[in-house]
Amino acid sequence: MTELPRQLADFDPLPGLIKADYADFVVEELPLYPLDGQGTHTFFLVEKTGLSTQQAVHDIARALNVLRHDIGFAGLKDARAITRQWMSVEHVDPERVSGLQIPRLRVLEVTRHHNKLRLGHLKGNAFTIRVRQTATDRLADVQDALAQLTRAGVPNYFGTQRFGYRGDTWAVGKAIVQGHPDEALDLILGRPTDQDTGPLRRARILYEQGRYAQAVRQWPTLFNTERRALRTLDHTGGNKRKAWGTIDKSTRSFFVSAYQSHLFNLVAAARMPTGLGRLMPGDLAWRHASGAVFRVENAEQEQPRADAFEISPTGPLFGYRMTEPAGQPADLEVNILAGEGLTPMSFRQNHLRVKGSRRPLRFPLEDARVTLGADSAGPYLELRFVLPRGCYATGVLRELFRWPASRAGGPVGEETEVAAD
């Protein structure tokens with residue numbers, strides 16, 4: 001992601017360290033609709049510290065003696081943070097929920113509602129982020145930069161977590177779309193990189209050596225997909241076709257989605273020189289108030305609406321049924337896809353059925369402010385802002401800081417929401 005151009009091209013980014021502590025990265029989910037206090041579904045607001053949404057769902061389901069899919073939630077949140085989000089469960093007494101005792105999780109509020117909370121049912125997320133080891137004397141510069149981003153918008157790039165700790169989930173997806181399952185399997189199980197350490201690195205090396213039984217023992221038990229494929233390789237004498245057959249549909253879809261995200265980033269980067277808020281004839285524009293998309297016939301006439309941030313040009317999440325733009329935007333997207341050796345129909349072959357959609361090239365930054373603070377760990381800049389659902393906090397941070405490092409290592413923390421289709 002570091003190679004993608006920034007909106008604030010003339011701004012000298014500051015150094016920075018985030019997530020020295022969980023409290024340095026706080027995310028609060030903003031509900032899509034008010035809760036009516038009635039119904040068979042118990043809604044509860046949880047605060048998680050250093051706990052992923054999926055792990056929290058697992059722990060809550062176990063404590064309530066219900067199935068994991070009985071727990072509703074609107075979006076996935078980063079584990080290395082303090083996060084507050086709503087969840088729901090049906091036919092469970094609110095008192096049982098309010099009495100939950102789960103490590104690293106607190107129930108803050110309990111009420112009722114008439115339907116289950118589903119993926120994508122949130123308005124956005126409010127972030128409070130403390131950046132340490134930075135140039136606190138440049139507070140005024142950061143304030144001005146935030147004002148510029150509020151006016152122009154933030155590039156709607158997909159963040160680093162979309163691409164896994166190795167940054168290559170998109171490459172697996174590319175191999176799938178191009179019809180190269182052996183390549184996809186090699187990337188999932190082998191090809192060790194500097195990001196791989198300990199047992200995971202040993203497992204990948206053993207796969208490369210064809211020692212599949214030994215590789216299984218190195219993968220931690222939670223890596224069910226990898227272990228299942230390796231067992232099949234061991235039992236079939238290295239038959240990759242059969243091993244690939246053990247990779248379930250949802251896992252394949254995850255990788256293909258990462259590839260769609262990678263291609264979107266390429267299109268957004270290509271349009272940066274002319275401005276992500278600049279409309280072109282033939283564009284498909286996004287109405288921010290409703291999420292509806294319409295074709296731009298007269299760019300000059302519609303541009304004032306883009307300047308007012310009512311609408312924005314969109315980029316592709318490629319698929320065989322995606323509505324395509326016309327004119328120059330179409331040429332750009334076709335050329336990027338052709339450079340990959342693909343067409344939209346490449347997303348419909350074999351068992352692949354990816355319809356595709358559109359995504360705005362920029363997103364609005366709301367209620368953005370930065371203040372100077374200090375505690376026992378030293379001074380920091382504290383940023384507060386609100387983002388629409390599906391948008392990444394790293395999109396803001398990378399405009400202001402030199403790709404801030406995390407003390408924990410790995411990707412910078414961010415909202416990792418999976419938006420509903």
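Everything numeric in this text was worked out from a predicted model, so none of it was measured.
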Salt bridge flag under 4.0 Å for residues [X] and [Y]:
X      : Y      : result
Asp78  : Lys19  : yes
Asp367 : Arg384 : no
Arg228 : Asp248 : yes
Arg130 : Asp375 : yes

Is any side-chain heavy atom of [X] closer than 4.5 Å to a side-chain heavy atom of [Y]?
X      : Y      : result
Phe158 : Arg359 : yes
Val177 : Val354 : no
Thr83  : Asn125 : no
Glu29  : Arg389 : no
Ile60  : Val89  : no

> Checking salt bridge (Lys or Arg N to Asp or Glu O under 4.0 Å) against Asp283, which of Arg295, Arg278, Arg271 comes through?
Replying inline: Arg271

Measure the spacing between [atom1] of [X] and [atom2] of [Y] and express it to the nearest 0.5 Å.
X      : Y      : atom1 : atom2 : value
Leu149 : Phe385 : CG    : CZ    : 10.0 Å
Cys391 : Phe127 : SG    : CZ    : 9.0 Å
Arg398 : Leu4   : CZ    : CG    : 5.5 Å
Asn156 : Leu361 : CG    : CG    : 8.0 Å
Arg202 : Thr197 : CZ    : OG1   : 9.0 Å
Ile71  : Lys116 : CD1   : NZ    : 8.0 Å

Donor-acceptor pair, [X] side chain versus [Y] backbone, under 3.5 Å?
X      : Y      : result
Glu302 : Met280 : no
Arg402 : Pro13  : yes
Gln7   : Gly153 : yes
Asp168 : Ala171 : no
Gln349 : Ser346 : yes
Arg104 : Gly50  : yes
Arg227 : Trp219 : yes

How close do [X] and [Y] get, counting heavy atoms only, and between which atoms?
X      : Y      : result
Tyr157 : Tyr392 : O-CD1, 3.7 Å
Leu284 : Thr314 : O-OG1, 2.6 Å
Ala81  : Phe25  : CB-O, 3.1 Å
Leu279 : Ser312 : CD2-C, 4.4 Å
Leu189 : Ala229 : CD1-CB, 4.2 Å
Pro192 : Glu208 : CD-CG, 4.0 Å

>> Applying side chain to side chain contact (heavy atoms under 4.5 Å, CB included), can you list everything that pairs with Ala184, at least two apart in sequence or on another chain?
In response: Val172, Ala175, Ile176, Trp244

> Can you name the residues that form a salt bridge (Lys or Arg N to Asp or Glu O under 4.0 Å) with Glu399, not counting sequence neighbours?
Replying inline: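 Glu399: no salt bridge (Lys or Arg N to Asp or Glu O under 4.0 Å) contacts found.
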
Show me, pair by pair, the donor-acceptor contacts under 3.5 angstrom made by side chains of residues 321-339, not counting sequence neighbours?
| from | atom 1 | to | atom 2 | distance (Å) |
| --- | --- | --- | --- | --- |
| Glu333 | OE1 | Arg358 | NH1 | 3.1 |
| Glu333 | OE2 | Arg358 | NH2 | 2.9 |
| Asn335 | ND2 | Asp331 | O | 3.1 |

Under 3.5 Å, is there a donor on one side chain and an acceptor on the other for [X] and [Y]?
X     : Y     : value
Asp59 : Gln55 : yes
Gln54 : Ser52 : no
Lys48 : Gln85 : yes
Thr53 : Lys77 : no

Take atom [atom1] in [X]; do more than 12 heavy atoms of anything else shown fall under 6.0 Å from it?
X      : atom1 : answer
Arg106 : CZ    : no
Asn65  : CG    : no
Arg68  : CZ    : no

Honestly, is [X] close enough over [Y], meaning NZ or CZ under 6.0 Å from the six-membered ring centre and within 45° of the axis?
X      : Y      : value
Arg162 : Phe264 : no
Arg362 : Phe309 : yes
Arg204 : Phe223 : no

>> Consider side chain to side chain donor-acceptor pair (under 3.5 Å). Of Lys174, Gln178, Arg191, which one does Glu183 pass it with?
In response: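 For Glu183, the side chain to side chain donor-acceptor pair (under 3.5 Å) check succeeds only for Arg191.
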
>> Does the plane of the ring in Tyr259 sit parallel, tilted or perpendicular to the ring in Phe347? Use 30° and 60° as the thresholds.
In response: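 Geometry flag for Phe347 against Tyr259: parallel rings.
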
